[in-house]
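All values below come from the heavy atoms of this structure, side chains included, with hydrogens, waters and symmetry mates left out.
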Amino acid sequence: MCGICGWVGFDRDLGDDASRRTLAGMTRTMECRGPDAEGTWVDTHAALGHRRLAVIDLPGGSQPMELPDEAGQRAPVIVYSGETYNFRELRRQLAGRGHRFRTDSDTEVVLHAHREWGRDDPRKAVERLNGMFAYAIWDPGTEELVLVRDRLGVKPLYYHPTPDGVLFGSEPKAILANPLTERRVDLDGLRRALSWVHDPSNAVFAGLREVPPGAIVRVSRRGVQEERYWQLEDTGHTDDVPTTVRNVREILEDTAKRQLIADVPLCTLLSGGLDSSALTALAQKHVDGTVRSFSVDFTGYEDNFTADDVRGTPDAPYVREVAQFVGTDHTDIRLSTEQLMDPEVRAAALHARDIPAGIGDMDTSLYLLFKAVRERSTVALSGESADEVFGGYRDFHDADTVAADTFPWLAGRMMAHDPANPGLFDGGLYRSLDLPGYLDAQYRKALAEVPELTGPAAADPHERRMREICYLYLTRFLPNLLDRKDRMSMAVGLEVRVPFCDHRLVEYVFGTPWAHKTFDGREKSLLRAATADLLPESVVKRVKSPYPSTQDETYEKELRERAAQLLRRDDSPVAPLIDRDAVRQRIDAPLDGSSSMGTRIQLERVLDLDTWLRVYSVSLDLR
């Protein structure tokens, strides 16, 4: 894992002292992503920066990395973030074609792959890669920059076109460190910040975009061009259920083995749910020795747990059972309300996200979990994305939510919210935002992309709708979770891998009929059947329970007090955006369970937005 950044300017000399200092400043913003080493590379019209977290080939994987010049042509140079899990197979293929390697790193393999297969069309090289990655290759001969992002968008990559080129970085903060940009947010950016819908064309800050998942961005004197090299398609699935289950297991076995490769300590994140438990069992099966596993819990949570519509059981009993059943070396990370409310911790978590689109204590606790894990391991395997791939959320199985003419997570129990209700925000601002119109436009755009269902299932309206629901979760919901995971982990220098995002698995399961995904009348039927032999029966039968959130009333009381302090401040940057009377009503509302959770979410959003506006010195353009 690492952090990358760069600057291409066709009408300037980036080798001057001022430009070099700017590049150093951009690179320095990502020190947390790469605590082990720093490197820069500068040419007349291109400047590349890299921060390294050493995971594979510790002594030999330094970047930026160049190949030797060839036939009188200057060689391309790369800055790379992530992991290519099939690099050993590709290395053997390339060696058979005459390529010679100086290191044992996957970065050098990717660079050779582009020389061999991608000189004229980068897609022919990228399509061979299996992994999570974001990288940039500058070719001094053609003066072209190629930006590449993995298929699911596991690793982030942003870019900002300029009048004579482009700026890019693993995080917005790297780009915002360049004086050519401004920390300005307009109405469209604020819409994106206040919505839980992924849109790579809108990265909140004006002028900033994401390289879309599964895409390449090519930058030359002719301009900036985006092109897709991968997208979800209909596969015409014809396997019966037993064959499908068997194939899912085979892909999972292969994926687990590939993603266990590391030259540093590795562990798993274990919640006691089906996804993380299956992954932990597969990891233990394929390693020599004992797998380390980690879980997060809150002080007093298990003893005082109260079931609600979202979480029916605490994680801890299942975590203990899986750890004992599988035989892991397990550690519980137990957090207190005092830790969750620590202003420095909350600011660090928000700074890691770059945008005020967090989810309160679930962001802060994830940051603290990763920080504790990093003291013992450098790489962790996570069960993230199994719910999106296999249909695990309860909203997949709720008829009213499925029938709703909007994004299902906005209509169902997960994040139910009326976009026309301003909540704690100023009514005039909310009317200007027109969130209902914005979300509807995003929804229609997403539906237009869904690959048409073929075969016998195409005649079933429910099958067609579930194809849409699956597509929406994979392309508009999952990227938010992957970004959150990446930012919280890389903020403490921890690499988190997500085996359920292996594109072979995603393609195969996406192509299966919904009837296959629910063949036993349960959620995640295919995953449950494919891994049942690895797990205790209690976990196989356990109902989905989301990432935990503290139930300590002290947490919300402290949250309300901080909101009251915000109202008493004259210099609060969020003041023009909120309805102060509505905030006061929430502060004074009784602590009464489910409605209290709504209060927490809204107050946290206001507090996070205030901190973000101050920390980033954001200029708001709300005309």
Handout entry: Cationic N near anionic O, under 4.0 Å, Arg320 to Asp332
Key = no

Practice task
Quickly, which of Gln259, Arg151, Glu495 forms a side chain to side chain contact (heavy atoms under 4.5 Å, CB included) with Met132? Name it, please.
Solution key: Glu495

Problem - Validation row: Arg497, Leu266 side chains within 4.5 angstrom (heavy atoms) - result: yes

Fill in the blank from the handout: When every non-hydrogen atom of Thr531 is compared with those of Leu527, the smallest separation belongs to OG1-O, 2.8 Å

Exercise for the section: Flag the pair Arg522 and Asp520 as a salt bridge only when some basic side-chain nitrogen lies within less than 4.0 angstrom of an acidic carboxylate oxygen. Expected result: no

Problem - Exam field: side chain Glu233 to backbone Glu452, donor-acceptor pair closer than 3.5 Å - result: no

Problem - Side-chain touch His198/Gln442, heavy atoms, less than 4.5 angstrom - result: no

Exercise for the section: Answer yes or no: is there a donor N or O on one side and an acceptor on the other, between the side chain of Ser377 and the main chain of Val373, under 3.5 Å? Expected result: no

Practice task
In sequence, state the C-alpha distance, the side-chain angles, and the governing distance for Tyr471 and Leu447, and then conclude on side chain to side chain contact (heavy atoms under 4.5 Å, CB included).
Solution key: CA-CA 8 Å; Tyr471 185 88; Leu447 287 184; over 6 Å; no

Exercise for the section: For this output row, return yes or no: ring centroids of Phe396 and Trp514 closer than 6.0 angstrom. Expected result: yes

Practice task
Measure the spacing between OH of Tyr473 and CG of Leu481 and express it to the nearest 0.5 Å.
Solution key: 10.0 Å

Problem - Verdict with supporting geometry, Asp275 and Lys524, side chain to side chain contact (heavy atoms under 4.5 Å, CB included) - result: CA-CA 9 Å; Asp275 316 336; Lys524 288 186 286 197; 2.8 Å; yes

Handout entry: Partner set under salt bridge (Lys or Arg N to Asp or Glu O under 4.0 Å) for Arg528, not counting sequence neighbours
Key = Glu523

Exercise for the section: Could you tell me whether the side chain of Val154 reaches within less than 4.5 Å of the side chain of Glu384, counting heavy atoms only? Expected result: no

Problem - Carboxylate-amine/guanidinium proximity below 4.0 Å for Glu116 and Arg128 - result: no

Exercise for the section: Indicate yes or no for a side-chain donor-acceptor contact from Tyr547 to the backbone of Leu366 under 3.5 Å, with no hydrogens or angles considered. Expected result: yes

Practice task
Tell me, yes or no, whether the heavy-atom count around Arg504 atom CZ, taken from other residues, nucleotides or ligands under 6.0 Å, exceeds 12.
Solution key: yes

Practice task
State, with a plain yes or no, whether a side-chain heavy atom of Arg374 is found less than 4.5 Å away from one of Phe370.
Solution key: no

Exercise for the section: Identify the two heavy atoms, one from Leu410 and one from Leu439, that lie closest to each other, and give their separation to 0.1 Å. Expected result: CD1-CD1, 3.9 Å

Practice task
Might you point out which heavy atoms bring Thr406 and Ala411 nearest each other, and give the distance in Å?
Solution key: CG2-CB, 3.9 Å

Practice task
Write down the atom of Pro172, the atom of Tyr158, and the distance for their closest heavy-atom approach.
Solution key: CD-CE1, 3.6 Å

Practice task
Verify whether one side chain among Tyr159 and Glu226 offers a donor that lies under 3.5 Å from an acceptor in the other.
Solution key: yes

Problem - Lys285 NZ: over 12 foreign heavy atoms closer than 6.0 Å - result: yes

Exercise for the section: For Lys517 and Thr512, test the side chains for any donor-to-acceptor distance below 3.5 angstrom and give the result as yes or no. Expected result: yes

Exercise for the section: Could you tell me whether the side chain of Leu381 reaches within less than 4.5 Å of the side chain of Leu260, counting heavy atoms only? Expected result: yes

Exercise for the section: Give a yes or no on whether a salt bridge exists between Arg394 and Asp398, defined as a side-chain N under 4.0 angstrom from a carboxylate O. Expected result: no

Fill in the blank from the handout: CG (Leu368) and CZ (Arg334) are apart, to the nearest 0.5 Å, by 14.5 Å

Practice task
Answer yes or no: is there a donor N or O on one side and an acceptor on the other, between the side chain of Arg465 and the main chain of Val402, under 3.5 Å?
Solution key: yes

Exercise for the section: Could you tell me whether Glu253 atom CD has more than 12 heavy atoms of other residues or ligands within 6.0 Å of it? Expected result: yes

Practice task
Consider only side-chain N and O atoms of Thr244 and His237, and report whether a donor and an acceptor are under 3.5 Å apart.
Solution key: yes

Fill in the blank from the handout: Distance col, row Asn480:CG vs Ile355:CD1, nearest 0.5 angstrom, shows 7.5 Å

Exercise for the section: Output yes when Asp533 and Arg249 qualify as a salt bridge under the 4.0 Å nitrogen-oxygen rule, no when they do not. Expected result: yes

Handout entry: Arg311 side chain reached by Ser549 side chain, heavy atoms, under 4.5 Å
Key = yes

Exercise for the section: Determine yes or no for a side-chain-to-main-chain donor-acceptor pair under 3.5 angstrom, with Arg292 supplying the side chain and Arg376 the backbone. Expected result: yes

Exercise for the section: First locate atom CD1 of Ile333, then atom CZ of Phe298, and finally report the distance between them rounded to the nearest 0.5 Å. Expected result: 12.5 Å

Handout entry: Lys/Arg N to Asp/Glu carboxylate O, Arg258 vs Asp254, below 4.0 Å
Key = yes

Exercise for the section: Answer yes or no: is there a donor N or O on one side and an acceptor on the other, between the side chain of Glu321 and the main chain of Ser538, under 3.5 Å? Expected result: no

Practice task
Please list, chain by chain and in numerical order, all residues satisfying side chain to side chain donor-acceptor pair (under 3.5 Å) with Trp230, sequence neighbours excluded.
Solution key: Glu507

Practice task
Mark yes when over 12 heavy atoms from residues, nucleotides or ligands other than Lys371 sit less than 6.0 Å from its NZ; otherwise mark no.
Solution key: no

Practice task
Could you verify whether a donor N or O on one side chain and an acceptor N or O on the other, from Thr313 and Ser545, lie under 3.5 Å apart?
Solution key: no

Exercise for the section: Using a strict cut-off of less than 4.0 Å between a Lys/Arg side-chain nitrogen and an Asp/Glu carboxylate oxygen, indicate whether Arg444 and Asp405 qualify as a salt bridge. Expected result: yes

Fill in the blank from the handout: Scanning both residues in full, the closest heavy-atom pair of Leu453 with Ala458 reads O-CB, 3.2 Å

Practice task
Please report the shortest heavy-atom distance between Asp483 and Pro156, naming the atom on each side.
Solution key: OD1-CB, 4.2 Å

Fill in the blank from the handout: Distance col, row Phe294:CZ vs Asp329:CG, nearest 0.5 angstrom, shows 7.5 Å

Problem - Full working for side chain to side chain contact (heavy atoms under 4.5 Å, CB included) between Leu269 and Val296 - result: CA-CA 9 Å; Leu269 305 174; Val296 66; over 6 Å; no

Handout entry: Check: Trp196 main-chain N/O paired with Trp409 side-chain donor or acceptor under 3.5 Å
Key = yes

Problem - Check: Asn86 side chain, Asn130 main-chain N or O, donor-acceptor pair, under 3.5 Å - result: yes

Exercise for the section: Give a yes or no answer on whether the side chain of Ser81 reaches the backbone of Ile4 with a donor-acceptor pair at less than 3.5 Å. Expected result: no

Exercise for the section: Let me know which of Asp106, Val110, Val126 forms a side chain to side chain contact (heavy atoms under 4.5 Å, CB included) with Phe133. Expected result: Val126

Exercise for the section: Give a yes/no verdict on a cation-pi contact between Arg542 and Tyr318, requiring under 6.0 Å between NZ or CZ and the six-membered ring centre and an angle within 45° of the axis. Expected result: yes

Problem - cation_pi(Arg467, Phe510) dist<6.0 Å, angle<=45 - result: yes

Handout entry: Under 3.5 Å: donor-acceptor pair, side chain of Glu604, backbone of Asp361
Key = yes

Handout entry: Trace of the side chain to side chain contact (heavy atoms under 4.5 Å, CB included) decision for Gln284 with Thr268
Key = CA-CA 10 Å; Gln284 183 61 68; Thr268 68; over 6 Å; no

Practice task
State, with a plain yes or no, whether a side-chain heavy atom of His516 is found less than 4.5 Å away from one of Asp239.
Solution key: no

Fill in the blank from the handout: Rounding to 0.5 Å, atoms CG (Asn202) and CZ (Arg191) come to a distance of 9.0 Å

Handout entry: Flag side-chain contact, heavy atom, 4.5 Å: Ser365 against Thr550
Key = no

